[in-house]
Each structure stands twice: as structure tokens, then as C-alpha cells.
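When a ligand or atom number is given, it counts from 1 through the structure's own listing order. Reckoned from all heavy atoms, side chains included, excluding hydrogens, waters and symmetry mates.
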Amino acid sequence: MTTASSVIITIDGPAGTGKSSVSHQLAKRLGLQCLDTGAMYRCVTLMSIRESIDPLDGDALVAALEQHSIEFDWDVTPPQVLLDGLGVEDEIRGPEVAQRVSIVATVGVVREAMVTAQRRIAAAHRGIISEGRDQGSVVFPDADVRFFLIADASIRARRRVSQLQAQGKHADLDTIEAEIRSRDEIDSGRAIGPLVCPDGAVEIDTTELTLHQVVDRLEHEVRHRVDAAVLASC
Ligand code: DC
């Protein structure tokens, strides 16, 4: 174990594999907190848009990070990210941030700052499920259980379209699928903290599975690998 947390579980995988929904449900079942690390990269991206910073200008991004705070409100479920103490959920999920976030996430000094912040957050909690792209490979390589979720790009695009339609938003399937494939390429191809299946991770293909089935699989693995008394103490 690398931090003071009693239990660390990581869930990595490309966009649209259901990581967020799975981590929320699993956290509820196990009584743990969940950390959405993508929301942190989205906040840095929102900051760069608001301040007209080039998304590849690491020095300017780090200087801006020093002027602002990215925290979570742990009193709501799931925890909500706060930029300078304010909720920014709608803005960080909007198209402008979506188009830029993969670029910002390639910048090494930004990743270093996020990794430090993520380890600090985990150390402040007794049990956490941390979800992202590099959580099991880079941030918490000694996590108690590491998962890697995958799914066909076409299924992931269809899931995203359904989500957007449920929010009353227009979505074109082909455009969404092209965006997902392009984001996969950038996330997997970057030099620092690329999207990879961590060594020793449990890989689960969610293409043919319901959310409930995926969460069942993860819960089973965690209960098999983590001492019940330790889980109960979180
Ligand atoms: O999970 P998400 O779609 O909210 O992630 C947004 C972007 O941030 C995505 O392009 C990948 C990047 N990201 C990352 O590089 N490392 C993480 N730990 C989490 C997200």
C-alpha cells in the first residue's frame, strides 16, 4: 500500500465503458468513496478555456493551477468536483471541454500535478474507488484491486447517444463514434500515463453486460480479495 487509505480500488478504461456508473454503484455497495479523476482533468481544461491558455502550454497551465483550487464536495453522492469552491458540472461535461480535454491530459506537468492531488485525496480517505485512465498503472500501482473495463467502440457510442438523448440533447451516432475513437487514440498514444491495462488488473469486457452484471463482477472480485473486516472498517 502506498498511502494511508485502508482500501484502494482502481477502475481504468476508455470513455464509454461505464466506469463512472460502475464506480458509483460499487462505492454504494461497499460503503467507499469514489474519485472521478476525469473531472479533475476537465476542470483544468475549463480553466484553460476561461483564461484563454493554450491547451499544450504546461507552464501556463501549472501557473493557473496555482491560482485556483480543484476540490470535491464529499458530502454529496456521488462527490461533485468544485473549481474554486463552485460546482461546474454542466460546463465540464459540455462540448468545448470534451473537445480539448484529451489534449490537456497529454501535458506532463499537468499530469504530475493531478497524480500528486489524487494521492493526497486517497490518503485522506479510509477507502476509495479511483476511476480514470492511469489509476492502476501509474497513480496507485499497489491498489488492493485494479480493474480495466473495455467495450466495443460502437456500443460505447450508442450508450453515449442514449445518455445525451435522455438529457434532451441532440446526438449524431457517427459523430460520437468518431469522437470516441479519436479520444481513445490520443489517450492510448500519449507518452505519459497512457491508457493501458495495468499489470495484474482484472479486465472486464462490458460490451454484452448490463451495468448490474458489471457491478456484480467487480463486487465479487473485491470481496474475494479484500478482507471483510477491513472493508467494513472503511
Ligand atoms: O473519464 P473522462 O471522460 O471524464 O475523462 C476526460 C479526459 O481526461 C479523457 O480524455 C482522458 C483524460 N483522463 C486522463 O488522461 N487520466 C485520467 N486519470 C482521467 C481522465
Side-chain angles (χ1 to χ4, degrees), residues 8-24 26-27 34-49 55-56 58 61 65 70 72 78-83 87-122 128-141 143 146-151 153 156-157 159-161 163-164 167 171 176-198 201 206:
I8 299 180
I9 294 163
T10 60
I11 305 181
D12 292 301
T17 45
K19 294 186 303 294
S20 295
S21 312
V22 168
S23 78
H24 298 163
L26 188 65
C34 50
L35 173 61
D36 174 359
T37 62
M40 299 170 74
Y41 285 94
R42 286 172 183 269
C43 274
V44 182
T45 307
L46 177 59
M47 236 173 49
S48 80
I49 293 169
L56 285 170
L61 289 169
L65 269 172
I70 297 175
F72 285 85
Q80 293 294 299
V81 76
L82 305 175
L83 180 55
V88 285
E89 197 56 31
D90 282 351
E91 278 176 282
I92 62 166
R93 307 288 165 198
E96 255 194 301
V97 168
Q99 274 159 20
R100 271 188 178 218
V101 62
S102 292
I103 319 261
V104 171
T106 63
V107 178
V109 284
V110 169
R111 299 203 71 83
E112 278 169 29
M114 294 299 105
V115 169
T116 303
Q118 289 153 13
R119 289 182 178 149
R120 195 176 303 131
I121 290 170
I128 203 148
I129 299 175
S130 194
E131 172 242 310
R133 303 294 189 286
D134 60 346
Q135 298 302 291
S137 53
V138 173
V139 187
F140 305 111
R146 281 160 291 150
F147 293 103
F148 193 71
L149 304 188
I150 55 168
R156 292 189 275 136
R159 288 177 185 161
R160 182 76 188 129
V161 167
Q163 265 175 3
L164 290 168
Q167 295 164 11
I176 300 272
E177 186 169 334
E179 279 171 8
I180 282 182
R181 286 184 190 279
S182 142
R183 198 124 66 91
D184 283 357
E185 243 178 79
I186 301 175
D187 290 346
S188 310
R190 69 175 167 240
I192 305 162
L195 172 68
V196 287
C197 179
T206 73

Practice item. Answer yes or no for Met40: is there a heavy-atom contact with ligand 1 below 4.0 Å? Key: no
Check whether any N or O atom of [X], backbone or side chain, sits under 3.5 Å from an N or O atom of ligand 1, and answer yes or no.
X	answer
Ser102	yes
Asp134	yes
Arg183	yes
Thr37	yes

Could you pull out the closest heavy-atom pair between [X] and [Y], with the gap in Å?
X	Y	answer
Val107	Gly58	CG1-CA, 3.6 Å
Thr17	Thr206	O-OG1, 3.4 Å
Arg156	Gly16	CG-O, 3.2 Å
Arg146	Thr10	CG-OG1, 2.8 Å

Practice item. Please state which part of Arg100 comes within less than 4.0 Å of ligand 1, counting heavy atoms only: side chain, backbone, both or neither. Key: neither
Check your understanding: Is it the side chain, the backbone, both or neither of Asp187 that has a heavy atom closer than 4.0 Å to ligand 1?
Key -> side chain
Exercise for review: Evaluate the side-chain contact (heavy atoms from CB on, under 4.5 Å) criterion for residues Phe147 and Lys19: first the C-alpha distance (whole Å), next the side-chain angles of each, then the deciding distance (0.1 Å), finally the verdict.
Suggested key: CA-CA 10 Å; Phe147 293 103; Lys19 294 186 303 294; over 6 Å; no
Considering only non-hydrogen protein atoms, determine which one is nearest to [atom] and report residue, atom name and distance to 0.1 Å.
atom	answer
atom 7 (C) of ligand 1	Val101 CG2, 3.5 Å
atom 6 (C) of ligand 1	Arg42 NE, 3.7 Å
atom 16 (N) of ligand 1	Arg111 NH2, 3.1 Å
atom 12 (C) of ligand 1	Ala105 CB, 3.9 Å
atom 1 (O) of ligand 1	Arg133 NH1, 2.9 Å
atom 20 (C) of ligand 1	Gly38 CA, 3.6 Å

Review point. Please walk me through it: do Arg111 and Val138 pass side-chain contact (heavy atoms from CB on, under 4.5 Å)?
Key: CA-CA 10 Å; Arg111 299 203 71 83; Val138 173; over 6 Å; no
Practice item. Check each of Gln99, Arg100, Glu91 against Ile49 using the side chain to side chain contact (heavy atoms under 4.5 Å, CB included) test, and report the only one that passes. Key: Arg100
Review point. Short list, please: which atoms of ligand 1 are under 4.0 Å from a heavy atom of Gln135?
Key: 18 (N)
Practice item. Would you mind checking if Arg93 and Asp36 are paired as a salt bridge, meaning a charged N to carboxylate O distance below 4.0 Å? Key: yes
Review point. If you measure from CD1 on Ile92 to CG on Leu46, what distance do you get to the nearest 0.5 Å?
Key: 8.0 Å
